[in-house]
Amino acid sequence: MLHVSGHPILGGAKAIARLREAGHHLRFVTNNTTHSRRALADEIRSFGVELDDEELQTTPIAAAHALSGKRVLALTMSAIVDDLEGIELVGEGADAVLLGGADEGFETNRVFSYFNLARAFAELQDGAELYCLHKNRWWQTSRGALLDAGAFVAGLEYASETEATVLGKPSPAYFAAALEALDYDPEQTWMVGDDVDADIGGAAAFGLRTILVRTGKFREEALEEATVKPDGVIDSIAALPDWLEDR
């Protein structure tokens, strides 16, 4: 919503500043699983956006809370390991298998290799529970849409005849954590995002009001086919302050 492959959305930083000046309380929620929270916060600040690390909610942080004290086989990008504090990372004898998201680089080939997926399957066969940071089918980059880790999650679900617990969007627990941090009720809160399923569908199911932006993952056909429609659609985050003021 704020960038595509590190290229900021025009007018995004100014829009965030205007929202703060208008008295809105903000929480930045992301399914990004390839960078630590500190690195993501630094990247967003590089766009000119005022942001404290604690205002950024990431799925690895959610995973650390949900899986605290467990032995976990983690197929994730190495950059997020520091955010998995309190989890014992193991290669076998796991209580849980955790799948992260894909990156644009070569590391994805290693993390989701046949060997690693087979190792994860073996742990599931031995009784480990399956978790994923998200179950996104694809993600938007400057090169176009790229396959995301949801395909690997679905494959392990099929092979092991189990269902993964999703820790990021669109899980209710993820939105609940954001609302708890804001100390707001769902009906008082707007979710703004570019993914009609994970952002809009997930937030609406939890009772939030929703706005879809026509940047990033937005696809007109996905909006037309969506069973849950947003309360509003705007061209980009830059249009949000005026849209809210008009209402």
Side-chain angles (χ1 to χ4, degrees), residues 1-35 37-59 104 134 136 138-146 148 168-170 174-175 178-179 181-182 184 186-204 206 208-226 228-247:
M1 186 184 71
L2 289 172
H3 71 98
V4 175
S5 292
H7 300 289
I9 299 298
L10 185 65
K14 183 177 179 180
I16 297 301
R18 285 184 59 190
L19 292 172
R20 292 192 188 279
E21 290 167 2
H24 294 286
H25 293 175
L26 306 180
R27 189 76 172 174
F28 298 78
V29 293
T30 176
N31 267 1
N32 185 293
T33 58
T34 61
H35 298 80
R37 178 164 72 170
R38 170 58 63 85
L40 286 172
D42 286 343
E43 182 179 39
I44 294 171
R45 283 189 285 263
S46 75
F47 305 151
V49 175
E50 178 188 343
L51 171 71
D52 293 331
D53 287 3
E54 292 72 22
E55 291 180 296
L56 179 61
Q57 181 172 310
T58 70
T59 51
E104 291 186 70
H134 61 70
N136 293 358
W138 59 277
W139 59 302
Q140 185 65 34
T141 75
S142 58
R143 294 184 288 156
L146 289 183
D148 212 331
K169 298 179 290 183
Y174 195 65
F175 290 106
L179 291 175
L182 290 170
Y184 272 79
E187 61 271 14
Q188 297 174 295
T189 308
W190 290 93
M191 172 67 198
V192 184
D194 61 6
D195 188 322
V196 73
D197 294 320
D199 294 335
I200 305 306
F206 199 70
L208 280 73
R209 304 164 78 182
T210 59
I211 300 172
L212 183 67
V213 295
R214 295 178 181 272
T215 54
K217 289 190 71 174
F218 175 83
R219 296 292 186 275
E220 193 69 49
E221 60 272 19
L223 175 58
E224 293 173 356
E225 295 169 1
V228 177
K229 305 295 185 182
D231 295 299
V233 181
I234 58 179
D235 287 338
S236 77
I237 185 67
L240 181 60
D242 287 340
W243 192 95
L244 291 173
E245 288 175 8
D246 289 342
R247 287 152 182 81

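For this chain, numbers begin at 1 and follow the sequence in order. Just so it is clear, the model here is predicted, and its values are computed rather than measured.
Atoms CD1 and CG, on I16 and L51 in that order, are 9.0 Å from each other to the nearest 0.5 Å. Taking CZ from R27 and CZ from F175, the interatomic distance works out to 13.0 Å, rounded to the nearest 0.5 Å. The OG1 atom of T33 sits 4.0 Å away from atom NE2 of H134, with the distance rounded to the nearest 0.5 Å. Atom CD1 of I44 is separated from atom CD of E50 by 13.0 Å, given to the nearest 0.5 angstrom. The NZ atom of K229 sits 11.5 Å away from the CD1 atom of I200 when rounded to the nearest 0.5 Å.
The closest donor-acceptor contact from the side chain of R20 to the backbone of A15 lies at 3.5 Å or more, if one exists at all. No donor-acceptor pair under 3.5 Å is formed between the side chain of Y174 and the backbone N or O of N31. Under a 3.5 Å cut-off, the side chain of K169 and the backbone N or O of T30 do not form any donor-acceptor pair.
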- prompt: Is there a side-chain hydrogen bond (donor to acceptor under 3.5 Å, both in side chains) between N32 and T34 once you walk through the steps?
  reply: CA-CA 6 Å; N32 185 293; T34 61; 3.2 Å; yes
*asked:* Does V196 form a side chain to side chain contact (heavy atoms under 4.5 Å, CB included) with E225? I'd like the steps, not just the answer.
replied: CA-CA 10 Å; V196 73; E225 295 169 1; over 6 Å; no
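Across every non-hydrogen atom of P8 and H3, the tightest pair is CA-CB, 3.9 Å. Heavy atoms only, all atoms of each residue included: P170 and G202 are closest at CB-CA, 3.5 Å. Closest heavy-atom contact between A145 and R219: CB-NH2, 4.4 Å. Scanning all heavy atoms of the two residues, the minimum distance from D53 to A41 falls at OD1-CB, 3.2 Å. When every heavy atom of I237 is checked against every heavy atom of P241, the shortest pair comes out as O-CD, 3.8 Å.
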Throw together a table of side-chain donor-acceptor distances under 3.5 angstrom for residues 186-194, partners on residues two or more places apart or in other chains.
unit_1 : atom_1 : unit_2 : atom_2 : d
Q188   : OE1    : D185   : N      : 3.0
T189   : OG1    : D185   : O      : 2.9
D194   : OD2    : K217   : N      : 3.2

Donor-acceptor list for residues 208-216 side chains, cut-off 3.5 Å, not counting sequence neighbours:
unit_1 : atom_1 : unit_2 : atom_2 : d
T210   : OG1    : D231   : N      : 3.3
R214   : NH1    : E220   : OE1    : 2.6

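Counted within 6.0 Å of CG on L10, heavy atoms from surrounding residues, nucleotides or ligands total 12 or fewer; the atom is thus considered open.
For the salt bridge (Lys or Arg N to Asp or Glu O under 4.0 Å) test, residues two or more places apart in sequence or in another chain that qualify with R143 are E104.
You'll find the side chain of D199 stays beyond 4.5 Å of the side chain of P230, heavy atoms only. Looking only at side-chain heavy atoms (C-beta outward), D242 and R18 come within less than 4.5 Å of each other. Residues L244 and L19 are in side-chain contact: their nearest non-hydrogen atoms beyond the backbone lie under 4.5 Å apart.
Note on ring orientation: taking the six-membered ring where Trp is involved, the planes of H25 and Y184 are perpendicular (angle over 60°, cut-offs 30° and 60°).
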